[in-house]
Amino acid sequence: MVSPPHEAMHRIFQHDPGLFSRVSRFLGVDIPAPVKATALPTDLTETNPVERRVDTLLRLETADQGSFILAVEAQGKKHPDKPASWAYYTAYLWTKYRLPTALLVVCQDPATARWAQQPVSCGPPQLPTLTVQPLVAGPHNMPVITDPEEARADLVLASLAAITHAAEPDVDVILKALSTALRDAPEDVAKPLIEFTAQGLGKRPAKNLWRNLVAVDLSFYTSYLAEEVRAEVRKEVRAEVRQEVRAEVRQEVRAEVRQEVQAEVRDEALTQGEARRAAADVLAVLAERGLPVSDAVREVIDGCDDPETLSRWLRRAVTASTAEDVVSGA
């Protein structure tokens with residue numbers, strides 16, 4: 001899956017094709033500003049079933065040096081197959097468009113940048129044949145823009161500076177300068193750069209700083225950041241609502257159970273009342289007949305709470321010879 005930083009590193013050149021000319025001076029070359037730019041299809045697949053796709057492809061037209069093709073590749077880490085792919089892209093584009101072809105690789109860490117800018121030849125040492133050496137933009141050569149005025153002068157370059165320095169200690173001051181400069185920018189200018197920057201920072205710690213910086217003004221919240229924040233807030237709110245619902249359900253269940261228990265206790269009380277009256281009737285019959293009742297028998301009769309048993313004892317009390325016969329065999 002293509003990561004947000006990967007997309008931001010090359011799509012920012014689609015957003016502002018003239019950025020390449022402004023970046024080139026930091027790469028040791030002088031590319032004139034284009035007077036016209038055209039986005040070209042990025043699919044370079046031929047009849048061969050192997051899919052080949054460059055990240056961003058632009059046709060730039062200059063006033064003094066004519067037209068040329070610019071392929072932009074975002075490279076997150078070293079990959080041994082990439083130089084061969086880059087050689088294919090360059091040769092294919094050169095053949096297809098018959099125009100000078102430039103390759104720019106954008107990186108976020110110095111090690112990958114150093115690897116990417118090394119020349120690679122397809123032939124043996126004595127026969128290099130075709131050598132690929134892309135221009136590389138990364139933390140080693142992109143400017144550290146810490147002044148809001150400098151950032152305001154070229155907002156897109158400042159955004160790219162933040163993206164390429166995403167893992168560097170300087171990124172915090174770059175982000176602060178960029179956020180300050182963007183507050184004065186029109187909404188249609190600020191919003192895409194806020195999102196490019198957010199995507200370029202990926203999941204790095206600087207992402208939280210960037211989100212806090214742009215959150216100072218709620219109008220800065222755009223789709224990418226808003227959806228991310230919404231997901232986090234939704235998770236928090238879901239936990240809160242779950243607790244609230246559990247508490248509500250608990251109260252409802254408690255009320256239902258309370259009613260059930262009240263009914264049970266009421267029935268038990270009625271049963272116990274009937275049992276006490278029935279026990280009293282048994283003892284009253286025995287007393288009326290003049291039969292002595294021992295403490296043990298009285299305790300058995302008073303302790304019985306089964307109406308059926310007490311009813312049976314009452315019938316026995318009418319004819320029994322002794323009180324003990326009434327409760328014998330229960």
Side-chain angles (χ1 to χ4, degrees), residues 3-27 31 33 37 55-56 72 74-76 104-110 112-113 135-230 232:
S3 66
H6 180 279
E7 290 297 278
M9 283 192 286
H10 71 87
R11 287 188 181 275
I12 195 169
F13 289 90
Q14 296 178 20
H15 176 73
D16 181 0
L19 177 62
F20 177 58
S21 174
R22 305 195 299 277
V23 166
S24 68
R25 61 190 175 93
F26 299 102
L27 310 183
I31 303 296
D55 289 333
T56 285
V72 183
Q75 193 65 31
L104 173 66
V105 177
V106 185
C107 305
Q108 288 183 300
D109 71 275
T112 302
L135 287 173
V136 177
H140 65 299
N141 57 12
M142 284 294 92
V144 177
I145 299 176
T146 60
D147 182 358
E149 289 302 319
E150 185 181 357
R152 192 174 289 110
D154 194 333
L155 292 171
V156 182
L157 179 63
S159 177
L160 180 63
I163 293 170
T164 53
H165 287 88
E168 301 297 311
D170 296 327
V171 68
D172 289 359
V173 290
I174 298 175
L175 293 176
K176 291 175 182 177
L178 178 57
S179 66
T180 301
L182 284 173
R183 290 194 183 98
D184 301 327
E187 186 175 351
D188 60 339
V189 173
K191 279 190 173 182
L193 294 180
I194 290 170
E195 295 204 19
F196 277 130
T197 305
Q199 291 178 342
L201 296 174
K203 296 181 179 180
R204 295 179 173 86
K207 176 67 169 293
N208 294 326
L209 172 62
W210 181 241
R211 191 167 63 187
N212 292 337
L213 288 171
V214 299
V216 172
D217 183 349
L218 291 180
S219 67
F220 271 25
Y221 272 113
T222 55
S223 59
Y224 185 85
L225 289 178
E227 287 304 314
E228 185 176 274
V229 173
R230 183 181 179 87
E232 293 179 2

Could you tell me whether the side chain of Asp55 reaches within less than 4.5 Å of the side chain of His6, counting heavy atoms only?
-> yes
Close side-chain approach of Lys203 to Asn208, heavy-atom, < 4.5 Å | no
The residue among Leu178, Leu182, Ile12 that forms side-chain contact (heavy atoms from CB on, under 4.5 Å) with Thr197 is Leu178
Which heavy atom of Ala166 sits nearest a heavy atom of Ala206, and at what distance?
-> O-CB, 4.3 Å
Thr164 meets the side chain to side chain donor-acceptor pair (under 3.5 Å) criterion, sequence neighbours left out, with none
What pair of heavy atoms forms the shortest contact from Ala151 to Ile145, and how long is it?
-> N-CG2, 3.6 Å
For residues Pro17 and Ala37, report the shortest heavy-atom separation together with the two atoms involved.
-> CB-CB, 3.4 Å
Taking side chain as C-beta onward, heavy atoms only, is Leu104 less than 4.5 Å from Phe13?
-> yes
Is there a donor-acceptor contact under 3.5 Å from the side chain of Gln108 to the main chain of Ile163?
-> yes
After noting the C-alpha distance and the side-chain angles of Val106 and Met142, does the key distance pass the side chain to side chain contact (heavy atoms under 4.5 Å, CB included) rule?
-> CA-CA 10 Å; Val106 185; Met142 284 294 92; over 6 Å; no
Counting distance only, does the side-chain N/O of Trp210 pair as donor-acceptor with the main-chain N or O of Ser179 below 3.5 Å?
-> no
Using side chain to side chain donor-acceptor pair (under 3.5 Å) as the criterion, list what pairs up with Thr112, not counting sequence neighbours.
-> Asp109
Sort and list the pairs that fulfil ring-ring contact (aromatic ring centres under 6.0 Å, His included) and have at least one residue in residues 161-183, not counting sequence neighbours.
-> none
4.5 Å side-chain heavy-atom contact, Leu201 and Leu175 = yes
Enumerate the residue pairs fulfilling salt bridge (charged side-chain N to carboxylate O under 4.0 Å, His left out) with a member in residues 9-20, sequence neighbours excluded, ordered by first and then second residue.
-> Glu7-Arg11, Asp16-Arg22
So CD of Gln199 and NZ of Lys207: to nearest 0.5 Å the spacing works out to 8.5 Å
About how many Å separate CD1 of Ile174 and CG of Leu209, when rounded to the nearest 0.5 Å?
-> 11.5 Å
Evaluation steps, side chain to side chain contact (heavy atoms under 4.5 Å, CB included), between Val136 and Leu27 | CA-CA 7 Å; Val136 177; Leu27 310 183; over 6 Å; no
Under 3.5 Å, is there a donor-acceptor pair between the side chain of His140 and the main chain of Pro110?
-> no
Taking Asn141 for the side chain and Ala137 for the main chain, is one N or O donor matched with an acceptor at less than 3.5 Å?
-> no
Salt bridge (charged side-chain N to carboxylate O under 4.0 Å, His left out) pairs touching residues 138-150, sequence neighbours excluded, are Glu149-Arg152
Begin with the C-alpha distance, continue with both residues' side-chain angles, and end with the deciding distance and a verdict on side chain to side chain contact (heavy atoms under 4.5 Å, CB included) for Gln14 and Val72.
-> CA-CA 9 Å; Gln14 296 178 20; Val72 183; over 6 Å; no
Identify the heavy atoms of Pro5 and Gly202 that sit nearest to each other, and give their distance.
-> CG-CA, 3.6 Å
Quick note, salt bridge (charged side-chain N to carboxylate O under 4.0 Å, His left out) partners involving residues 158-176, not counting sequence neighbours, are none
